[in-house]
Each structure stands twice: as structure tokens, then as C-alpha cells.
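Both ligands and their constituent atoms are indexed starting at 1 by order of listing.
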Amino acid sequence: MAKFLVQKSGPLHGEVTISGSKNAVLPILAATLLTKEDCVIMDAPALRDVDVMCRLLESLGASVTTDLENNTVEVNASGQIASEAPYDLVKMMRASILVLGALLHRTGRAVIHLPGGCAIGERPIELHLKGLRALGAYIDEEQLSRGIVDARADHLKGNDIYLDFPSVGATEVIIMAASLAEGTTILENAAQEPEIVDLANFLNKMGARIKGAGTDTIKIEGVEKFSGVSHHVIPDRIEAGTFMVAAAITRGRVLIRNMVPNHLKAVIAKLRECGVEIVMTDEGVLVCGDENPIISTDIKTLPYPGFPTDMQSPFMALLTVSRGPSVVIETVFENRFMHVGEFNRMGANIKTEGKAAIIPGGKQLQGAQVVATDLRAGASVVLAGLVAEGTTEVSQIYHVDRGYENFEEKLRALGANIMRIEE
Ligand code: EPZ
């Protein structure tokens, strides 16, 4: 098992280029099943999850050519497509559920064995299924009680659907299913994340007629057929936010290239509240953690455009060392404080009470042996290790490899003292 060894590092300086978005490329790869023509996906990040999604598409019968050195994936799903997603791949990545709508269209059936809960929560999919039922799919209840989604649909028909919670995955599955259904679908209380917009742009290029992506109401007029397209994936806003925090926590000065500031308004606002100077330049976003003392602020995670849950643990790393107490409230996932125990092993002295974490702040962290409890938490303990006295040893870093391309190389190029050791 690989580990990261992180030593206290001076202020980070230099520039970093952000990779393509994991959470945009995964639904877009699933959507390539909706056409029999070639699709070329560019700026696809070289991540474990992208590799798993490509293997899933291949196992379903698509031909997939990956050239992740050049961040390109080519898919042709003109062959016979299977209905069942293999469990050994689904259990590696819950985002496998994103093929649900596409499989229904291609084969009239979709069988996906659900993985259990994960570190951050139970991850139900009742909203995905509510949407598919509304479009005319039949879901076998007996199979579902055994954790198997077995959906059938000879013909999908547009409908009005309300999401009780603006679920990202449910919005993506419903958009894909509705885009080739007969008639019009109106999706209310839809998720508004930039990754939804990127998926809608990809589908519209294929011939879909989707309006309102990025707002809470999305109108999808079903069409007959999709053509193949090529598409550049948007930059990963969570990777960008992670490197912004890396510059802030080390009191450094880093230019972040290839990020979309508009996708991170809440994070930028909160970093500014902490005293971090953030300057938009033609080259990218300059993050200056060396201008002012870093003071604390309170965070509450919300669906987009609120503060993103995926930035909760990286930002908490900053709050453990910033001056003054702070409160972090996690409203999106029911169990996304697993990293608190790891920060406390480093001396952060954080208390949690239900959805709230109380961070005293102003700590001089000590290096320790810690674990990556999910992919964002793994990145956050690395950030904490950059300012902790001594060595921080991070294990289970396969989580980090799921969501951050060349993470330690990018950090080392900025002056971070981090290395990967294989055990
Ligand atoms: C996506 O997960 C992202 N993953 C997550 O990123 C991200 O944290 C999350 O959206 C929220 O922004 C991908 O895009 C591949 P949800 P998803 O459905 O779609 C509850 C990362 O670090 N819910 O919006 O699974 C659910 O339990 C990952 O890159 C229901 O209750 O998120 C959760 O508490 C982690 N019923 C909340 O909604 C449902 O039917 C948000 O889930 C569906 C969801």
C-alpha cells in the first residue's frame, strides 16, 4: 500500500495547472453510451475513477481507447451493449450508477448491484429511481430490497419530476434518461453544479435539447437520436480549491492556471474572509496567503452555489491553524467528519456535535500517522502536514489518487516537501 510522507514545508510558490473535472468527466463518459458514433473526451484527468469508468464502459460492450498521458478518452458504443454492470467495478466506484439512464435507453434494462454505504454516508439513490419511474421505468422492488437496481423500460416518456433534494447524481441520471425519451421533461429542484452544465453542454452537442442546466429547473425535450461529438471537460473546481487552500495554509503565493473562478465563488469569498488575497489575472488566479494574518471564519456546506461539501475537509485544515475559533456545519452528507479524528491526532483539538464541528484554531500542528478517510479528506491531511512540525505519514492514499491527478508532483513543484512511498 502506498503512503505519503509529508514534512513541514515553507510557503508554496509558483504556479499549478488544474486538471479536468472528475465529477464532470464521469457522467459525460456514461453519456457516451447514448450514441453509436465516436465520442472524443479531452482534458479527461488521469484518475483511478476515470480508469474504473472506462473499464465499466468496456465491460458493457463499448470500445474505449484511453490516452491519459494526453488526457484523452475515445469511446465507441456502436456494438452490442450489456444491461448489467459488473459488481467488481461498481463496488470500486459508486458513480457507476451514472450509467443507469443510458443502459435503459440502449438495452431497455439496467441491472446495477449497489455498493453499501461509504465513509461519508449511506448514499441512497431513491431520487434517481423516482425520476426513472416517472419516465416510465419499472424497478423490481424485490431485487431492490436486496440492494440490486433492476430497471426495465421499453419506452421512456417525458414527465414533470420534482427532486426532494437537489441530488447531483439523480439530476444527471434523469437528464440522460429524459434526453432520448418521447416528449418533454421538466425537472424541478435540480442540482445546479457546474458539472451538470458541462454534461448538458455535452448532450446538447450530441443533439439533445436541454435548457436551464445550472438553474433549479431544467427542461429536456426528448429527441430521437444522438450523434458522436468531441468535448473538452471543464476544470476541476475542487482541485482548484484544494490548491488555493494549499497556498493559504503555507502562507505562500501561487498562481492557479486553468480554473474557472465563477465555479468557486463561495470558496473564494470564504478565503477572502480569512484574509487571503485573491487576484484575478489574465494568466489565472493568484492566491496570496502572505499578505495578512490568516483568521478564522465559519463554514456551512450547501448544494451549489453554496459552499461545496467537497471543500469542507480541505478548508477545515486551514481553520485548524487560522487565528480564532470557527464552526463548520456539514449539511450535505450525514457523516463527513471522518477527517476530524485525523486532524486531532495532529493536535487540532476539534470537537464535533452532530452536523457541527467546533475548531479552536491557532494550533501548531504536530506530524502524525494519519489515514485518508475519503478522497477530499486525504488531500486535507496532506495540507495539514505541510504546516505540521515533523513528519506526517498518510496511508490509504488510493483515495487521493481517485480524485487528484499527480497530486504530490504538483505540490512538490510548488516547493512542498512530500513524497510517495510504496510499502
Ligand atoms: C456527487 O455525489 C459528487 N460525486 C460528490 O463528490 C459530491 O460530494 C456530491 O455530488 C455533492 O456535491 C460525483 O459527482 C461523482 P448527491 P452524489 O446525490 O451525486 C443525498 C467527491 O469527493 N441523497 O448530490 O452521490 C445523499 O445521501 C465526491 O468528488 C439522498 O438522500 O451526491 C447525500 O447526503 C464525494 N437521496 C446528498 O443527497 C438520493 O436519492 C448529496 O448527494 C440521492 C442523494
Nearest heavy atom to atom 30 (C) of ligand 1, choosing from Ala24, Pro124, Ala170, belongs to Pro124
Restricting to heavy atoms, the pick from Ile97, Leu127, Asp310 nearest atom 21 (C) of ligand 1 would be Asp310
task = Answer yes or no for atom 13 (C) of ligand 1: protein heavy atom present at a distance under 4.0 Å?
result = yes
Would you check whether [X] has a nitrogen or oxygen atom less than 3.5 angstrom from a nitrogen or oxygen atom of ligand 1?
X	answer
Glu172	no
Pro166	no
Gly169	yes

Quiz item: Would you say Val168 and Glu195 make side-chain contact, with heavy atoms under 4.5 Å?
Solution: no
Hey, are the side chains of Asn23 and Glu193 touching, using non-hydrogen atoms and a 4.5 Å cut-off? no
Do me a favour and list the nearest non-hydrogen protein atom to [atom] with residue, atom name and distance?
atom	value
atom 32 (O) of ligand 1	Phe333 CZ, 4.2 Å
atom 17 (P) of ligand 1	Arg123 NH2, 3.9 Å
atom 18 (O) of ligand 1	Ser167 OG, 2.7 Å
atom 33 (C) of ligand 1	Val332 O, 3.4 Å
atom 22 (O) of ligand 1	Arg376 NE, 3.0 Å

Listing, residues 306-318 side-chain donor-acceptor contacts under 3.5 Å, not counting sequence neighbours, or none:
{"residue": "Thr309", "atom": "OG1", "partner": "Glu330", "partner atom": "OE1", "Å": "3.0"}
{"residue": "Thr309", "atom": "OG1", "partner": "Glu330", "partner atom": "OE2", "Å": "3.1"}
{"residue": "Thr309", "atom": "OG1", "partner": "Arg336", "partner atom": "NH1", "Å": "2.9"}
{"residue": "Asp310", "atom": "OD1", "partner": "Arg336", "partner atom": "NH1", "Å": "2.7"}
{"residue": "Asp310", "atom": "OD1", "partner": "Arg336", "partner atom": "NH2", "Å": "3.1"}
{"residue": "Gln312", "atom": "OE1", "partner": "His339", "partner atom": "NE2", "Å": "2.7"}
{"residue": "Gln312", "atom": "NE2", "partner": "Glu330", "partner atom": "OE1", "Å": "3.0"}
{"residue": "Gln312", "atom": "NE2", "partner": "Arg336", "partner atom": "O", "Å": "2.8"}
{"residue": "Ser313", "atom": "OG", "partner": "Arg376", "partner atom": "O", "Å": "3.3"}
{"residue": "Ser313", "atom": "OG", "partner": "Ala377", "partner atom": "N", "Å": "3.4"}

Open item on the list: Any carboxylate oxygen within less than 4.0 angstrom of a Lys/Arg side-chain nitrogen, looking at Lys410 and Glu239?
Closed with: yes
Exercise. In plain terms, say whether Asp140 and Arg109 are close enough for a salt bridge, that is, a side-chain N and a carboxylate O under 4.0 Å apart.
Key: no
Q: Ignoring hydrogens and angles, tell me if any N or O in the side chain of Asp198 forms a donor-acceptor pair with the backbone of Ala24 under 3.5 Å.
A: no
Counting heavy atoms under 4.0 Å, the part of Thr309 that contacts ligand 1 is side chain
Proximity flag Arg336 to ligand 1, non-hydrogen atoms under 4.0 Å:
yes
Here the gap from His128 atom NE2 to Ile97 atom CD1, rounded to the nearest 0.5 Å, amounts to 6.0 Å
